[in-house]
Amino acid sequence: MIGFFDSGFGGLTVMKEYLKKYPEFDYMYLGDQANMPYGSHSKEHVNKLAAANVDFLIKKGCTLIIIACNTASADALRHVQQIYKGKPTILGVLVPAAEEALRKTRFGNIGVIGTRGTIGSGAYERELNKYATEFYKPTEKRAGKTIRVYSQACPLLVPLVEEGMIKHVVTRMMLRKYLRPLKHAHVDTLILGCTHYPLLQKEIERVMGKQVQVISSATAAANAIDDYFERHPDIKNGITTGGTRTYYTTDCPERFSDLGSRFLGEKIEGEKIEI
Ligand code: DGL
């Protein structure tokens, strides 16, 4: 079984991409609504919450765990990987998004938007710079060229999406405000470094203009898994199949089911649990 966790329902945008590719696997999703939003917690607190979530999913029998939350991937991936030492495999959404941006950028100007936690952690900048030096083959056009990363925290976008205000004038106004510095910096590629932003992708693309490639960390994470499974067939073969889907939440199952259905694009029922 593949286990996903997030601070709430946003991570369902990531699971949705996996479901499209691998509907045959068994899936479990844990939304830690009682502790959301992760984006405004300290790294230490997110580490603690992430470890508890992973522990829960392991006890439920998950053999592959995806941290579907950008903030938790930024703050806590290394922490939980160190605790569990590869048993089970735990992956985040940040590295795949960084790699896809490096593949797609034309001039090396990469923008990143996310919660305060994700942007404040500097994790995207670190990953992009780390991978940039080893990413391109010497024969590739971008080899040896520097990349520039422009980051912008967009704390109001999560509540606006949760309120269903996707096409609202206030959301459009906030998008123009948040994205202006990135447009001025002439980013050619923009990473949507938050679970909620795929729901705003069309609006963001409209503000940024056609020449900017917009990368969803949810899609990037699901695309990267094909390659991961090819390199680790044992992990793929260890995932149980049967197409079951179980949804847990640490608070308000009604709200989880309501918003979760919107994020996943199909009706779901969340069961409340204590962890
Ligand atoms: N899931 C979070 C993320 O992707 C957004 C919501 C929150 O801050 O909890 O960063």
Side-chain angles (χ1 to χ4, degrees), residues 3-18 29-50 52-54 57 65-77 79-80 90-98 111-127 151-166 171 174-175 178 190-201 204 214-222 247-252 255-256 259-260 262-264 270 275:
F4 289 76
F5 82 82
D6 176 49
S7 56
F9 11 76
L12 289 162
T13 56
V14 183
M15 188 167 134
K16 183 178 177 178
E17 300 301 323
Y18 273 72
Y29 183 91
L30 169 62
D32 188 14
Q33 259 183 291
N35 293 299
M36 81 185 297
Y38 278 16
S40 36
H41 289 319
S42 68
K43 179 180 170 65
E44 291 68 35
H45 194 54
V46 175
N47 278 348
K48 228 191 282 173
L49 297 170
N53 294 339
V54 168
L57 292 170
I65 292 177
I66 312 293
I67 305 187
C69 176
N70 270 268
T71 308
S73 295
D75 280 343
L77 178 65
H79 176 70
V80 289
I90 306 170
L91 305 173
V93 290
L94 212 127
V95 171
V112 184
I113 54 175
T115 63
R116 275 215 179 87
T118 298
I119 300 304
S121 74
Y124 266 111
E125 254 161 274
R126 263 196 311 281
E127 294 298 336
S151 307
Q152 175 71 46
C154 308
L156 288 176
L157 296 186
V158 165
L160 286 169
V161 170
E162 291 186 0
E163 290 306 318
M165 293 167 68
I166 305 292
T171 309
M174 289 318 299
L175 282 176
Y178 286 142
L190 175 66
I191 300 176
L192 307 185
C194 173
T195 48
H196 288 52
Y197 301 171
L199 281 87
L200 291 171
Q201 186 155 348
I204 292 170
V214 174
I215 293 172
S216 146
S217 54
T219 318
Y247 301 95
Y248 291 116
T249 173
T250 53
D251 202 8
C252 297
R255 184 164 162 78
F256 177 87
L259 269 118
R262 188 140 60 77
F263 276 76
L264 192 66
I275 53 171

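Computation of the quantities below employed the complete heavy-atom set of this structure, encompassing side-chain atoms and omitting hydrogens, waters and symmetry-equivalent molecules. One-based numbering, in listed order, for ligands and for the atoms of each.
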_Salt-bridge criterion met for Glu162 and Arg255 (N-O under 4.0 Å)_ =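 Salt bridge between Glu162 and Arg255, a charged N being under 4.0 Å from a carboxylate O: yes.
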*For a side-chain hydrogen bond (donor to acceptor under 3.5 Å, both in side chains) with Thr115, tell me which candidate from Asn70, Thr195, Thr71 qualifies.*
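Testing each of Asn70, Thr195, Thr71 against Thr115, the sole residue satisfying side-chain hydrogen bond (donor to acceptor under 3.5 Å, both in side chains) is Thr71.
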*asked:* Please list all pairs meeting salt bridge (Lys or Arg N to Asp or Glu O under 4.0 Å) that have one or both residues in residues 33-49, counting only residues at least two apart or in different chains.
replied: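 The answer is none; no pair qualifies.
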*Do the ring centers of Phe256 and Tyr248 come within less than 6.0 Å of each other?*
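So the answer is no for these two rings.
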*Can the ring centres of Tyr38 and His45 be said to be less than 6.0 Å apart?*
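They do not qualify: ring centres at least 6.0 Å apart.
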_Among Val54, Ile275, Asp32, exactly one meets side chain to side chain contact (heavy atoms under 4.5 Å, CB included) together with Phe5. Which residue is that?_
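Per the side chain to side chain contact (heavy atoms under 4.5 Å, CB included) rule, the option paired with Phe5 is Val54, out of Val54, Ile275, Asp32.
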With the criterion set at N/O pairs under 3.5 Å, what does the list of contacts between the protein and ligand 1 look like, atom names and distances included?
| unit_1 | atom_1 | unit_2 | atom_2 | d |
| --- | --- | --- | --- | --- |
| ligand 1 | 1 (N) | Asp6 | OD1 | 2.8 |
| ligand 1 | 1 (N) | Ser7 | OG | 3.4 |
| ligand 1 | 1 (N) | Thr195 | OG1 | 2.9 |
| ligand 1 | 4 (O) | Asn70 | N | 3.1 |
| ligand 1 | 4 (O) | Thr195 | N | 3.0 |
| ligand 1 | 4 (O) | Thr195 | OG1 | 3.2 |
| ligand 1 | 8 (O) | Tyr38 | N | 3.4 |
| ligand 1 | 8 (O) | Gly39 | N | 2.8 |
| ligand 1 | 9 (O) | Ser7 | OG | 2.6 |
| ligand 1 | 9 (O) | Tyr38 | N | 2.7 |
| ligand 1 | 10 (O) | Thr71 | N | 3.2 |
| ligand 1 | 10 (O) | Thr71 | OG1 | 2.6 |

